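As structure tokens, the structure follows; a few thoughts come after it.
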Amino acid sequence: MRTLLVAIAIISALAWASPGWIRWADHDDEGYSRFVIELPLGTSYKTSSSTAVLRVDTGLENQRQETFKPDNKAVERIEVTPASGGTRINFYLQPGASLKKTFVLEGPAGRFRLVVDFLNPKDDGSKAQPSKPKPQIPVVVLDPGHGGPDPGTVGFVVEKQVTLDLARRVEALLQNAGIKVFLTRDGDYDLAPKNVSDLMQRKRIDLAKRARMTNGNRNLFVSIHVNSAERPARGVEVYYLGKTLDSRVLSLAIAENGGGDLGVQLTKETTSTAEQALADLIAQGNLQFSRHLAQVILKDVTGKTGALSRGVHSAPFYVLRYARIPAVLVEVGFANHPVEGKQLARSDYRQRLAEGIAAGILEVLGNGAFATAGKQR
Ligand SMILES: [Zn+2]
């Protein structure tokens with residue numbers, strides 16, 4: 001049986017037959033054809049498919065009418081048509097071909113890649129087994145908040161213990177779906193060198209190291225935390241990098257940024273980073289992706305757990321400040337709420353939280369495997 005998880009080939013290694021901003025390559029050995037549409041960061045798009053046509057509506061303006069014949073097993077022709085508020089791209093499929101999946105990858109500076117894979121029509125079955133694909137597996141960084149000398153918030157549960165347990169659960173779910181996972185910590189420790197004795201100094205180094213892990217050859221970054229409130233409050237909230245005018249959110253950011261003078265200082269630095277990002281087109285594009293990731297994770301976590309949704313917000317979290325990939329911080333619930341705090345102590349509740357986070361990540365990575373994997377468990 002064909003597994004739903006076909007590894008993602010390395011885009012740059014493909015031999016493109018390129019008419020410009022739409023490119024394609026055959027993966028005939030693996031039974032599919034890949035089309036890549038390169039778009040400026042921030043361009044909106046949506047796809048809708050019928051058996052014969054895949055339509056991609058983009059916010060891309062000023063494209064001229066064009067028809068491409070890709071000489072390809074899956075797609076007979078591609079028509080680019082100016083449409084109201086953007087450009088429409090119609091893929092007319094060959095008989096027997098079908099849409100496999102779509103997902104988004106980082107592009108060169110200022111651009112991203114919308115990737116569309118089509119299943120080629122089946123041959124008569126005489127073909128040998130497909131050769132082993134050369135995969136570029138998506139890499140997700142999970143950041144269990146706090147650790148070592150910093151317990152995080154303490155209520156009915158201890159934050160550093162909950163975040164690590166959740167990260168390990170999410171890791172297992174993602175690995176089942178074929179995703180590579182990197183944990184910023186995999187035990188009860190922080191990331192500062194042993195010889196640093198000052199706790200605030202340790203915290204600063206620890207946060208800076210985590211923040212650096214939002215760069216490089218990785219696809220997504222998710223930091224996991226537990227909330228607390230002076231007055232009883234409950235629910236899930238998801239953050240991406242930005243400024244805030246909300247004093248409650250600001251206090252939360254200061255607390256998560258180390259608290260005290262350090263927290264205030266790092267929050268100030270991060271606010272200025274966020275201001276720069278909002279003035280920078282490329283960074284803006286990444287913030288939009290991060291916001292999208294935050295929305296999807298919030299939807300999936302509240303869907304799996306029934307927890308109250310407290311919404312998606314932007315805030316100056318230091319750990320998100322250098323992010324060059326979609327990066328969010330999830331506050332999974334309130335440690336000191338009499339109901340939610342006790343739920344957070346329960347294994348079955350944590351499992352549902354983890355399933356929600358993993359489902360959101362997989363949804364954004366454009367991988368439909370999670371639903372199937374979940375049913376088979
Ligand atoms: Zn925290």
Side-chain angles (χ1 to χ4, degrees), residues 141-170 183-192 199-200 202-211 213-214 221-230 233-242 244 246-267 269-270 290 294 297-298 301 307 310-321 323 327-337 340-341 343-345 349-350 353-354 356-357:
V141 183
L142 298 175
D143 173 41
H146 312 275
D150 172 18
T153 191
V154 179
F156 293 97
V157 288
V158 177
E159 180 175 4
K160 69 175 180 179
Q161 293 166 357
V162 177
T163 59
L164 180 59
D165 182 52
L166 283 174
R168 285 183 174 142
R169 289 171 190 265
V170 176
L183 296 187
T184 58
R185 69 178 176 98
D186 189 22
D188 185 15
Y189 52 83
D190 66 6
L191 305 189
L199 281 184
M200 285 296 112
R202 291 195 73 84
K203 186 69 190 172
R204 179 186 269 275
I205 296 169
D206 173 75
L207 281 175
K209 282 198 171 172
R210 293 177 200 235
M213 292 180 198
T214 61
F221 178 92
V222 177
S223 187
I224 301 172
H225 287 261
V226 177
N227 224 326
S228 70
E230 284 176 24
R234 66 191 297 178
V236 181
E237 46 197 22
V238 187
Y239 288 91
Y240 62 102
L241 179 67
T244 184
D246 182 332
S247 61
R248 182 193 69 85
V249 170
L250 192 61
S251 312
L252 174 65
I254 290 170
E256 297 289 23
N257 289 341
D261 291 347
L262 176 71
V264 171
Q265 174 60 28
L266 296 189
T267 303
E269 288 175 20
T270 310
S290 300
I297 288 179
L298 180 68
V301 168
R310 299 174 62 90
V312 162
H313 311 276
S314 66
F317 287 109
Y318 188 90
V319 76
L320 304 177
R321 73 179 293 193
V328 299
L329 185 147
V330 187
E331 294 281 357
V332 296
F334 286 77
N336 62 346
H337 187 276
E340 198 168 67
Q343 283 178 324
L344 287 171
Y349 189 77
R350 290 183 188 180
L353 280 169
I357 294 171

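Keep in mind that what you see is a predicted model, and the values were worked out from it rather than measured. Ligands are counted one by one from 1 in listed order, and the atoms in each one are counted from 1 as well.
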Would you sort out whether T214 and V141 count as a side chain to side chain contact (heavy atoms under 4.5 Å, CB included), showing the intermediate values? CA-CA 8 Å; T214 61; V141 183; over 6 Å; no

Parallel, tilted or perpendicular: which one describes the rings of H225 and H146, with boundaries at 30° and 60°? perpendicular

Can you name the nearest heavy-atom pair linking L320 to Y239, along with the distance? CD1-O, 4.1 Å

With L166 as partner, the option from V162, T163, L164 fulfilling side-chain contact (heavy atoms from CB on, under 4.5 Å) is V162

Provide the tally of protein N/O/S atoms nearer than 2.8 Å to the Zn ion (ligand 1). 5

What heavy-atom pair brings P316 and L241 nearest, and what distance separates the two atoms? CA-CD1, 4.4 Å

Of all residues at least two apart in sequence or in a different chain, which pass the salt bridge (charged side-chain N to carboxylate O under 4.0 Å, His left out) check with R168? D186

